Asks: 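Dumping the structure here so I can ask a few things about it.
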2 protein chains.
Amino acid sequence: MDVAARAGVSKSTVSLVLQGSKQVRAETRTAVEKAMAEIGYVYNRAAANLRSSSVGLVGLVINDLRNPFFTEFATSLQMAIAAEGYATVIANSDEDPELQAKLVGSMIEHGVSAMVISPAYGAASDTFDQLARRGLPTLQVLRQGDERTDLFPFASFDYATGSAKATRHLLQQGARNVAFVGGLPGRAITRERKSGWRDVLKKDGLEEVALHGKSSRAFGMEMAATLIADHPEIDAAVCFNDLVALGLMAGFARAGRPVGTGFRVVGFDDIEEAAQSWPQLSSVSCDIAQFAQDTAARLLGWMVEGERPEPELRMPVRLVTRASSTGETT
Amino acid sequence: MDVAARAGVSKSTVSLVLQGSKQVRAETRTAVEKAMAEIGYVYNRAAANLRSSSVGLVGLVINDLRNPFFTEFATSLQMAIAAEGYATVIANSDEDPELQAKLVGSMIEHGVSAMVISPAYGAASDTFDQLARRGLPTLQVLRQGDERTDLFPFASFDYATGSAKATRHLLQQGARNVAFVGGLPGRAITRERKSGWRDVLKKDGLEEVALHGKSSRAFGMEMAATLIADHPEIDAAVCFNDLVALGLMAGFARAGRPVGTGFRVVGFDDIEEAAQSWPQLSSVSCDIAQFAQDTAARLLGWMVEGERPEPELRMPVRLVTRASSTGETT
DNA sequence: GGCTGGATTTGGAACGATCCAATATCTATG
DNA sequence: CATAGATATTGGATCGTTCCAAATCCAGCC
């Protein structure tokens, strides 16, 4: 700490300057700052943390960072949090519960003061137990894990209403048989996204065809072939997410049956690409940027003010209709 | 540090156990581990760093994390680095040099022991100077910044050869006039990706039409309209990246002129989606996962062994031909 | 000039690990 | 059984901040 010597003050004073305390005289502050600049001083956070234990770090663990929906969430959250002076550590668990537990452990060691997690499926008790033990403010977002989900507040979108809207819309457009495509069976989120669709079909006494599987573009493409071959009566689909929907559309295009009027599709998430595909993809829009901001606010409220958020929150969603379901060319 | 007391040893011994030293007796180690488990002890990295100054943290700053190409790189790099026991802090500079400098500063404070950066365009001296001052091993990847680019080793792909291959391929397929679409003018990476295209056209004495702009799907879509209206003679395009190419294809599809034989397209990066679009997109494939692994290896070599990598490295690229340029339906 | 009270500044303990030299404990060997 | 040499363990200093109580400064006032 030559800074102190160089500026002719004590290290305590330097510390005060560092913390931006207004109780140091302006001249003193200037002198210290000058000394710091001259010396090329860099603040050592490790030391500061050691003493004050608060690192200004927030951990974010995402199950699939390659999925644009999550990427968008991660980047938006990071920016919202950065605006409050916190840094974010982003990590990708790649849907692997063990890796997830390790990542969370590493983040705890690094002294994160809060966690946001979109959990991987599978055994998650390791992950959540260590967070609970440390008493870290932790938010589950976008999907609920398979275990210990009750330990921490959860926030997501009102998917059930969304898929109901989508299904009704497809029927109104003239579809007769609406399938559900994508989503791993047994997952809470699949149940939710399916439930609205099922409710509507039940009410109208229609047959339910659901094709479950990985929520990827590739799976959607595959299912296009399956639908054409095995379910010719199906003339519309609500997809688990936009990736599946885009894959499905590509599959139909490849088979020479472009989507729009003959076959109608609605996706989920309204990722950026939905508005730029051909045909443009109708989708249940989840305002993920807004959601990220809310999440940041709730998290900071918990971290700073100690206000634990309500245990469950559902953001409303909005159906955006485009050519893939209306057939209208814009 | 009740662990020491509880296990009946000194704190030094506990420290040795923590570091996995093999010079503690097996029984002692077990005793200590038992004590740690009972007490629910968590390692405090801040304290360790303070003394030993090496955090096991690598910083990664990306100019556009929403771009799937970069997302893929970030996640692959993170995993490669995690395999060596380092944690990665990922941040998105969102193409903003000031934010970038702030992020880098924050990472330095957090004690990262190395940086990987795909720089935002614009004034980058703040960013690089602070890294140089600290003497942090830093790798520039995928694109070169506008300033101080000489300070640190740079690694990327051999784009020039890639675009030459793409252009020759299009001409062989029967195209007569090949445009270049996308890429901000004046950027090093645009120059590179363009140069191969230009060289081939020059050799054949063909006219050069280049449409520059943001490298997004939306821009590609826009340019489809422009090409159709203003450059009817153009019958093929090499695109700056896959996003532009996908947008271009969507734009042509919207105009009722699906891409394949009438108009041929090759993209750049070969992102996952390229193989799943309709028509499937030909692309200059950059093996980004491999690149990420190499980057991790070079970085660790520098961090651990002190071997500074060669100042410039170009990974070879490969042209993957698909329906968007051959017209063949698979 | 002495006093008062607010504004500044300061010394030194603390944070929880690592590191190093020194000490204690084993093990094999003559 | 003594002892060298290897193997295990330990005490205490140390890293660079923050925190707190105490000390110092200074202007204004009687």
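Just so it is clear: chains get the letters A, B, ... in the order the sequence lines come, proteins before strands, and each one is counted from 1. What you see is a predicted model; the values in this text were computed from it and never measured.
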Asks: Applying a 4.0 Å non-hydrogen cut-off, can you work out what Val42(A) is touching in the nucleic acid: base, sugar-phosphate, or nothing?
Replies: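 If one applies the 4.0 Å heavy-atom cut-off, Val42(A) turns out to touch the sugar-phosphate alone, with no base involved.
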Asks: Taking atom types as they are modelled, would you say the side chain of Arg25(A) forms a donor-acceptor pair with the base of dT8(C) within the 3.5 Å cutoff?
Replies: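 No, no donor-acceptor pair under 3.5 Å.
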Asks: Are more than 12 heavy atoms from other residues, nucleotides or ligands located less than 6.0 Å from atom CD of Glu98(B)?
Replies: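 No.
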Asks: Pick the closest DNA chain C nucleotide for Ser12(B) and for Ala46(B) by heavy atoms, then say which residue is nearer the 5' end.
Replies: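 Closest to the 5' end, via its nearest nucleotide, is Ala46(B).
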Asks: Give the rounded distance in Å between these two atoms: NZ of Lys11(B) and P of dG12(D).
Replies: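 Going from Lys11(B) (NZ) to dG12(D) (P), I get 9 Å.
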Asks: Could you tell me the separation between the CD1 atom of Ile39(A) and the P atom of dG16(D), rounded to a whole number of Å?
Replies: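 About 13 Å, once rounded to whole Å.
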Asks: Could you tell me the separation between the CD atom of Glu27(B) and the P atom of dT9(D), rounded to a whole number of Å?
Replies: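 Answer to the nearest Å: 8 Å.
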Asks: Is a salt bridge present between Glu27(B) and Arg29(B), judged by a nitrogen-to-oxygen distance below 4.0 Å?
Replies: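 Salt bridge: no.
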Asks: Can Arg187(A) and Asp146(A) be counted as an ion pair, charged N to O under 4.0 angstrom?
Replies: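 Judged by the 4.0 Å cut-off on N to carboxylate O distance, Arg187(A) and Asp146(A) do form a salt bridge.
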Asks: Do NZ/NE/NH1/NH2 and the carboxylate oxygens of Arg314(A) and Glu192(A) come within less than 4.0 Å?
Replies: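 Salt bridge: yes.
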Asks: Does OP1 or OP2 of dT10(C) have a side-chain N or O of Thr13(A) closer than 4.0 Å?
Replies: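 True: Thr13(A) side-chain N/O within range (under 4.0 Å) of dT10(C) OP1/OP2.
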Asks: From OH of Tyr43(A) over to P of dT17(D), roughly how many Å is that when rounded to an integer?
Replies: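 It is 8 Å, rounded to the nearest whole Å.
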Asks: Just how far, in rounded Å, is P of dA7(C) from CZ of Arg29(A)?
Replies: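 That distance rounds to 15 Å.
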Asks: Atom CG of Leu16(A) and atom P of dA23(D): how far apart are they, to the nearest Å?
Replies: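 One finds 18 Å between P of dA23(D) and CG of Leu16(A), rounded.
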Asks: Return whichever of Val24(B) or Ala47(B) has its heavy-atom-nearest nucleotide of DNA chain D closer to the 5' end.
Replies: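 Comparing both residues, the 5'-ward one is Val24(B).
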Asks: Using only side-chain N and O atoms of Ser15(A), determine if any of them is under 4.0 Å from OP1 or OP2 of dT18(D).
Replies: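 For Ser15(A), the contact criterion (side-chain N or O under 4.0 Å from OP1 or OP2 of dT18(D)) is met.
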Asks: Would you kindly give the CG-to-C1' distance between Asn49(A) and dA17(C), to the nearest whole Å?
Replies: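 Going from Asn49(A) (CG) to dA17(C) (C1'), I get 13 Å.
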Asks: Nearest whole Å is fine: how far is dA8(D) P from Gln23(B) CD?
Replies: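 To the nearest whole Å, that distance equals 8 Å.
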Asks: Can a side chain N or O of Thr28(A) be found less than 4.0 Å away from OP1 or OP2 on dT9(C)?
Replies: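 Yes, such a contact exists.
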Asks: Which nucleotide wins on minimum distance to the side chain of Tyr41(A), given the candidates dG16(C), dA17(C), dT17(D)?
Replies: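 Ranking dG16(C), dA17(C), dT17(D) by closest atom to the Tyr41(A) side chain puts dT17(D) first.
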Asks: It should be established whether Ser10(B) places a side-chain nitrogen or oxygen under 4.0 Å from OP1 or OP2 of nucleotide dT9(D).
Replies: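 The answer is no; no side-chain N or O of Ser10(B) sits under 4.0 Å from OP1 or OP2.
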Asks: Should we say atom CD of Glu272(A) is surrounded by more than 12 heavy atoms from elsewhere, each under 6.0 Å from it?
Replies: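 Atom CD in Glu272(A) is not crowded, with 12 or fewer foreign heavy atoms closer than 6.0 Å.
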Asks: With a 4.0 Å cutoff (strictly under), does any side-chain N or O of Gln19(B) reach OP1 or OP2 of dC19(C)?
Replies: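 Result: yes.
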Asks: If you take atom types as modelled and just measure distance, does the side chain of Arg51(A) reach the base of dT18(D) with a donor-acceptor pair under 3.5 Å?
Replies: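 It does, because a donor-acceptor pair links the side chain of Arg51(A) to the base of dT18(D) below 3.5 Å.
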